[in-house]
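As structure tokens, the structure follows; a few thoughts come after it.
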Amino acid sequence: MAIDRTKLTEMARKFKKLGRAFYERPAIDIARDLLGKILVHRVGKRTLRARIVETEAYVGEHDLACHASKGRTRRTEIMFGPGGHAYIYLIYGMYTMLNIVTSKRDDAQAVLIRAAEPLDNWQADLSGPGKLARAFDLTLAENGLDLGGDKLYLLDDADYRPRIVTSKRVGVEYAQQWKDELLRFCVADSKAVSKPRPWFTASSQANSG
DNA sequence: GCGTCGATGGCA
DNA sequence: GCCATCGACGCG
């Protein structure tokens with residue numbers, strides 16, 4: 001059968017790999033913009049793909065929830081580098097968290113990828129940062145990967161315009177005044193968003209399906 | 001459905 | 001001694 005040239009051109013326009021210009025902006029903007037984007041990890045013969053539906057912004061050294069607020073250490077060094085790299089760290093001795101380093105060199109900001117909807121008929125539960133990183137086979141060995149490469153990267157989906165809900169970040173009770181900042185971003189009504197779901201109150205969540 | 005608890009290891 | 005978590009367990 002003949003190659004559908006029109007369709008290929010359309011796909012190329014719609015699903016462009018995100019590059020330097022996208023990443024070298026503030027984390028708060030990128031956290032919003034990443035909703036609906038497609039995360040890709042090529043591991044062996046497999047290509048794992050999912051649509052991002054939940055993120056959190058960690059906005060710099062002054063943000064007490066941001067690891068960079070501890071200053072430059074071996075762990076946080078990657079955050080102080082240029083945007084467009086993966087910051088992956090171990091938490092609770094058994095889970096890794098995938099973050100996207102944003103902004104420019106010496107401005108340590110990042111976006112945590114918290115949940116996604118699997119694509120390509122991939123049956124996986126990606127509703128939570130630990131589950132997502134595990135399913136995507138992301139370990140400390142992938143820390144620092146350049147998202148401009150062909151191993152781990154993000155694709156735009158130019159026509160996807162989700163409705164967005166903001167809420168407080170999860171698990172940062174220690175961060176004093178920063179714990180209540182609305183820096184968590186979710187695709188409204190996506191079933192893949194992790195708990196607590198920001199669009200339900202405690203009681204309505206108990207009464208729903 | 002909801003609260004509580006413990007696993008488990010890098011890092012400062 | 002902390003953790004940007006998760007799943008198992010007990011409750012009534």
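Labels below follow one simple rule: chain letters A, B, ... track the order of the sequence lines, proteins then strands, and each chain is numbered from 1. A quick note: this is a predicted structure, and the numbers were derived from the prediction, not measured. Just the heavy atoms: all of them, side chains too, but no hydrogens, waters or symmetry mates, feed the values below.
Heavy atoms of A:Lys70 sit nowhere under 4.0 angstrom from any nucleic acid atom. Residue contacts for A:Gly93: at a heavy-atom cut-off of 4.0 Å it reaches a base atom on one of the strands shown. Heavy atoms of A:Met94 sit under 4.0 angstrom from at least one base atom. The residue A:Arg184 sits apart from the nucleic acid: no heavy atom pair falls under 4.0 Å.
In this structure, of B:dG10, C:dT5, C:dG7, it is B:dG10 that holds the atom nearest to the side chain of A:Leu140. Among the nucleotides C:dC3, B:dA7, B:dG10, the one closest to the side chain of A:Leu90 is B:dG10. For A:Lys131, counting side-chain heavy atoms from C-beta on, the closest listed nucleotide (C:dT5, C:dC6, C:dA4) is C:dC6.
Between A:Tyr89 and A:Asp125, it is A:Tyr89 whose nearest contact on DNA chain C lies nearer the 5' terminus.
Between A:Arg72 and B:dC11, a side-chain N or O to OP1/OP2 separation shorter than 4.0 Å is absent. Between C:dT5 and A:Arg114, a contact under 4.0 Å exists linking OP1 or OP2 to a side-chain N or O. At the phosphate of B:dC11, OP1 or OP2 sits under 4.0 Å from a side-chain N or O atom of A:Arg74.
Annotation: cation-pi geometry not satisfied between A:Arg105 and A:Phe80 (NZ/CZ under 6.0 angstrom from ring centroid, within 45° of ring axis).
If you take atom P in C:dG12 and the same atom in B:dC5, they sit 15 Å apart, rounded to whole Å.
Here the P atom of nucleotide C:dT5 and the CZ atom of A:Arg169 are 12 Å apart, to the nearest Å. Atom OH in A:Tyr87 sits roughly 11 Å away from atom C1' in B:dG10 (whole-Å rounding). Atom NE2 in A:His67 sits about 9 Å away from atom P in C:dC3, given to the nearest Å. In this structure, A:Ile78 places its CD1 atom 14 Å from P of B:dC11, rounding to the nearest Å. If you measure from atom CZ of A:Arg197 to atom P of B:dG1, you get 11 Å, rounded to the nearest angstrom. Regarding A:Tyr92, its OH atom lies at a distance of 7 Å from the C1' atom of C:dA4, rounded to whole Å. Following rounding to the nearest Å, A:Leu126 (CG) and C:dC6 (C1') show an atom-to-atom distance of 15 Å. Note: CG (A:Leu138) to P (C:dT5) measures 16 Å, nearest angstrom.
For C:dT5, the base is not stacked against the aromatic ring of A:Tyr95, per a cut-off of 5.5 Å between centres and 30° between planes. Remark: ring of A:Tyr58 stacked against base of C:dA4; centroid gap under 5.5 Å, plane tilt under 30°.
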Checklist line | Pair A:Thr73-A:Thr76, side-chain hydrogen bond (donor to acceptor under 3.5 Å, both in side chains): steps then yes or no | finding: CA-CA 5 Å; A:Thr73 67; A:Thr76 63; 3.2 Å; yes

Next item on the list: For the pair A:Glu24 and A:Thr102, evaluate side-chain hydrogen bond (donor to acceptor under 3.5 Å, both in side chains) and give the outcome as yes or no after the intermediate values.
Entry: CA-CA 5 Å; A:Glu24 294 202 330; A:Thr102 81; over 6 Å; no

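Between A:His67 and A:Tyr58, the ring center distance fails the sub-6.0 Å criterion.
The base-pairing partner of C:dA4, taking Watson-Crick or G-U wobble contacts with both distances under 3.5 Å, does not exist among the strands shown.
Residue A:Asp157 is tested with A:Lys14, A:Lys37, A:Arg49, A:Lys16 for a salt bridge (Lys or Arg N to Asp or Glu O under 4.0 Å); the sole match is A:Lys14.
In this structure, A:Arg72 places its CZ atom where more than 12 heavy-atom neighbours from other residues, nucleotides or ligands lie under 6.0 Å away.
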